[in-house]
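Below is one structure, written out as structure tokens, with a few remarks after it.
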Protein chains: 2
Amino acid sequence: MDEAAPQKGTVTQRAIEEIKAMIAEGRLEPGQRLPTERDLAARLGISRSSMREAIRALTVMGVLEARHGSGIYVTALEAGDLLETFGVVADLSRGPRLVELLEVRRILESTATALAAARITEDQLAAVEKHVAAMNATDDPEEILAHDLAFHREIAAAAGNETMAAILEGLSSRTFRARVWRGYQEEGAFARTRREHAAIHRALTARDPEAARAAAAAHVGEVEEWLRTQLGP
Amino acid sequence: MDEAAPQKGTVTQRAIEEIKAMIAEGRLEPGQRLPTERDLAARLGISRSSMREAIRALTVMGVLEARHGSGIYVTALEAGDLLETFGVVADLSRGPRLVELLEVRRILESTATALAAARITEDQLAAVEKHVAAMNATDDPEEILAHDLAFHREIAAAAGNETMAAILEGLSSRTFRARVWRGYQEEGAFARTRREHAAIHRALTARDPEAARAAAAAHVGEVEEWLRTQLGP
DNA sequence: CTCCCATAGTGGTCGGACCACTCTCGTGGA
DNA sequence: TCCACGAGAGTGGTCCGACCACTATGGGAG
């Protein structure tokens with residue numbers, strides 16, 4: 001009588017569920033160190049290879065973190081850890097799904113910006129302002145892209161919802177945005193982006209949530225609309 | 001002169017990036033079959049074990065699918081495949097992050113319901129209606145939960161954005177909702193839920209997006225508010 | 001022509017070996 | 001007494017080779 005669960009799915013799958021359950025039930029706390037791979041494998045009666053695959057799976061999910069020579073640890077289980085893989089969705093999506101992704105981003109980003117308008121601190125506002133200025137001061141696409149990302153990241157953080165910020169981070173992953181911009185920038189997009197960022201910044205400064213929502217929605221919607229036409233006939 | 005990339009990170013990590021790149025660049029199409037594990041390992045000059053870990057990682061990301069005895073295939077790369085892991089976030093989140101998660105859900109769900117009001121077909125409306133009726137006809141918590149999930153799933157599908165539907169699916173994962181409901185149901189939540197579902201259904205029938213948005217936001221906000229009080233002092 | 005099953009090929013699992021890295025603890029010197 | 005440092009034990013990372021479980025295919029029996 002080893003276990004009540006004889007076999008369902010692969011042994012690796014079982015191991016994954018097992019560890020996930022340990023965390024969900026609180027038997028493993030965030031930051032805590034797990035037993036060694038060898039121990040865990042022996043404990044579940046599986047080989048170390050299979051256990052390693054399970055650990056790898058949980059690692060990419062952002063649940064575990066393996067430190068070479070030290071041990072395996074549970075991550076802080078914060079939104080950022082768990083939603084890191086979200087970026088691959090954006091990186092591997094194409095065609096109509098890109099538009100869907102932007103639609104989701106538009107919904108979240110506009111709400112986040114509205115929340116930010118109500119909650120943003122002076123320091124955060126200054127940081128936003130800095131990125132606006134930096135973006136206006138250069139013509140290097142690389143640098144513009146970087147400040148564009150930072151601009152939105154700062155606002156998402158000011159909204160006060162880490163989970164939403166992490167999702168938006170994934171939806172704005174570097175390679176994703178770079179891909180979209182490649183063709184978009186040819187139509188005076190830089191100037192337009194600067195104008196729209198300025199509008200968002202004004203709304204934030206005025207602490208006007210509705211204006212901020214509208215400005216952000218328009219900003220993302222602009223790209224979304226352009227992308228939609230690119231897919232048409 | 002094997003490769004230009006000598007070593008960065010673990011070999012497994014390299015393999016993951018390699019395969020991801022193959023897909024991103026279109027060298028691997030959705031549904032296509034990959035070379036065997038042994039081939040891939042030899043091709044990248046790594047062991048089969050490491051290659052298996054890489055494949056496992058991409059499998060949990062929803063990018064690859066391994067069929068025992070047959071081969072490894074690229075998934076359809078649809079939103080559902082890629083966002084399956086999203087559910088673990090909901091399952092492993094606790095405390096304040098649960099509220100954040102519900103806030104995100106409220107934002108997306110209300111918008112999805114509004115979109116559904118404008119786009120829903122007669123057949124879809126009938127399906128929604130069926131779940132409302134079924135939910136009113138039973139008092140078994142299990143069954144109620146199932147129809148509750150199906151109700152929202154149907155609406156999300158009617159909104160016409162698969163990506164959003166997949167995210168909402170993750171945010172409403174069974175274990176997640178079960179956990180929240182456990183304490184919530186004691187306060188006449190069933191009756192309230194039925195009332196709110198009825199309101200949403202009415203708005204859908206009337207094809208009234210704004211009413212639908214408000215009803216859905218209130219519905220999710222109700223639970224959100226309750227959860228918030230549970231964490232208070 | 002159809003059906004079935006032997007078989008080759010695939011992913012899944014195992015055990016062991018060795019390497020690369022980290023951390024600790026005891027030793028030696030200052 | 002205290003500190004620096006180095007050897008060692010312990011950990012994850014990688015590799016190998018073998019075998020098992022399952023699938024698909026094609027050729028032979030009916």
Side-chain angles (χ1 to χ4, degrees), chain A residues 2-3 5-20 22-23 28-76 81, chain B residues 2-3 5-20 22-23 28-76 81:
Chain A
D2 262 327
E3 295 294 334
Q7 51 172 10
K8 43 176 168 180
T10 68
V11 287
T12 303
Q13 200 60 37
R14 250 195 320 167
I16 294 175
E17 300 301 333
E18 197 77 25
I19 298 180
K20 234 167 53 179
M22 283 189 201
I23 296 174
L28 286 175
E29 293 291 325
Q32 188 175 336
R33 185 176 179 284
L34 273 71
T36 70
E37 295 179 344
R38 296 166 173 84
D39 273 3
L40 283 171
R43 199 169 304 195
L44 294 185
I46 67 179
S47 74
R48 195 186 158 205
S49 315
S50 301
M51 179 52 76
R52 274 190 59 79
E53 284 192 30
I55 292 170
R56 169 71 62 180
L58 290 163
T59 296
V60 304
M61 289 194 231
V63 174
L64 298 182
E65 180 191 4
R67 300 181 204 159
H68 192 168
S70 173
I72 307 167
Y73 301 80
V74 182
T75 67
D81 303 321
Chain B
D2 263 327
E3 296 293 334
Q7 53 172 10
K8 43 176 168 180
T10 68
V11 287
T12 302
Q13 201 59 38
R14 251 194 320 166
I16 294 175
E17 299 300 332
E18 197 78 24
I19 297 179
K20 233 167 54 180
M22 284 191 201
I23 296 174
L28 286 175
E29 294 291 325
Q32 187 176 338
R33 185 176 180 282
L34 273 70
T36 70
E37 294 179 344
R38 296 164 173 87
D39 272 3
L40 282 171
R43 199 170 302 194
L44 294 185
I46 68 178
S47 74
R48 196 187 156 204
S49 316
S50 301
M51 178 53 75
R52 274 190 60 78
E53 283 191 31
I55 292 170
R56 168 71 60 180
L58 290 162
T59 296
V60 304
M61 289 193 227
V63 175
L64 298 183
E65 179 191 4
R67 300 182 204 159
H68 192 169
S70 173
I72 306 166
Y73 301 80
V74 181
T75 67
D81 302 321

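Residue numbers begin at 1 in each chain, while the letters A, B, ... track the order of the sequences. On a predicted model such as this, the values are computed, not experimentally measured, just so you know.
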* Which pair of non-hydrogen atoms, one from B:Ala57 and one from B:Ile16, has the smallest distance, and what is that distance? -> CB-CD1, 3.6 Å
* Structure fact -> For A:Val74 and A:Pro30 the tightest heavy-atom approach is CG1-CA, 3.8 Å
* **Length of the OH-P vector between B:Tyr73 and C:dT10, whole Å** => 10 Å
* Asked: When the distance from CG of A:Leu44 to C1' of C:dC14 is rounded to whole Å, what number comes out?
  -> 15 Å
* Structure fact -> Per-nucleotide protein contact along nucleotides 6-11 of chain D, 5' to 3', at a 4.0 Å heavy-atom cut-off (B base, S sugar-phosphate only, - neither), is ----BB
* To do: Check the distance between C:dG15's P and A:Met51's CE and give it to me in whole angstrom.
  => 13 Å
* **Separation of atom CD1 in B:Ile46 from atom P in D:dC16, rounded to whole Å** => 10 Å
* To do: Establish whether the base of C:dG12 is bridged to the side chain of B:Arg48 by a donor-acceptor pair shorter than 3.5 Å.
  => yes
* Could you tell me whether the side chain of A:Arg33 reaches within less than 4.5 Å of the side chain of A:Ile72, counting heavy atoms only? => no
* Pairwise side-chain contact, B:Thr12 with A:Arg56, heavy-atom cut-off 4.5 Å (strictly under) -> yes
* For atom CZ of B:Arg52 and atom C1' of C:dC14, their distance in whole Å -> 11 Å
* Roughly, in whole Å, what's the span from CG in B:Leu40 to C1' in C:dG11? -> 12 Å
* **Gap between atoms CD and P, on A:Glu53 and C:dG11 respectively (whole Å)** => 12 Å
* Should B:Ser50 be listed as having a side-chain N or O under 4.0 Å from OP1 or OP2 of D:dC15? -> yes
* Nearest to the side chain of A:Arg56 - D:dT14, D:dC15, D:dG12? -> D:dT14
In a table with atom names and distances, give each donor-acceptor pair under 3.5 Å that connects a side chain of residues 59-71 of chain B to protein atoms at least two apart or in another chain.
from	atom 1	to	atom 2	distance (Å)
B:Thr59	OG1	B:Ile55	O	2.7
B:Ser70	OG	B:Tyr73	OH	2.7

* Shortest non-hydrogen contact between B:Ala54 and B:Ala15, atoms and distance -> CB-CB, 3.7 Å
* Structure fact -> Against the side chain of A:Thr10, the closest entry in C:dT13, D:dT14, D:dC16 is C:dT13
* Structure fact -> When rounded to whole Å, the CD1 to P distance for the pair A:Ile55 and D:dG12 reads 7 Å
* Short side-chain N/O contact from B:Thr12 to OP1 or OP2 of D:dG13, under 4.0 Å -> no
* Contact check, side chains of A:Ile19 and A:Met51, non-hydrogen atoms, under 4.5 Å -> yes
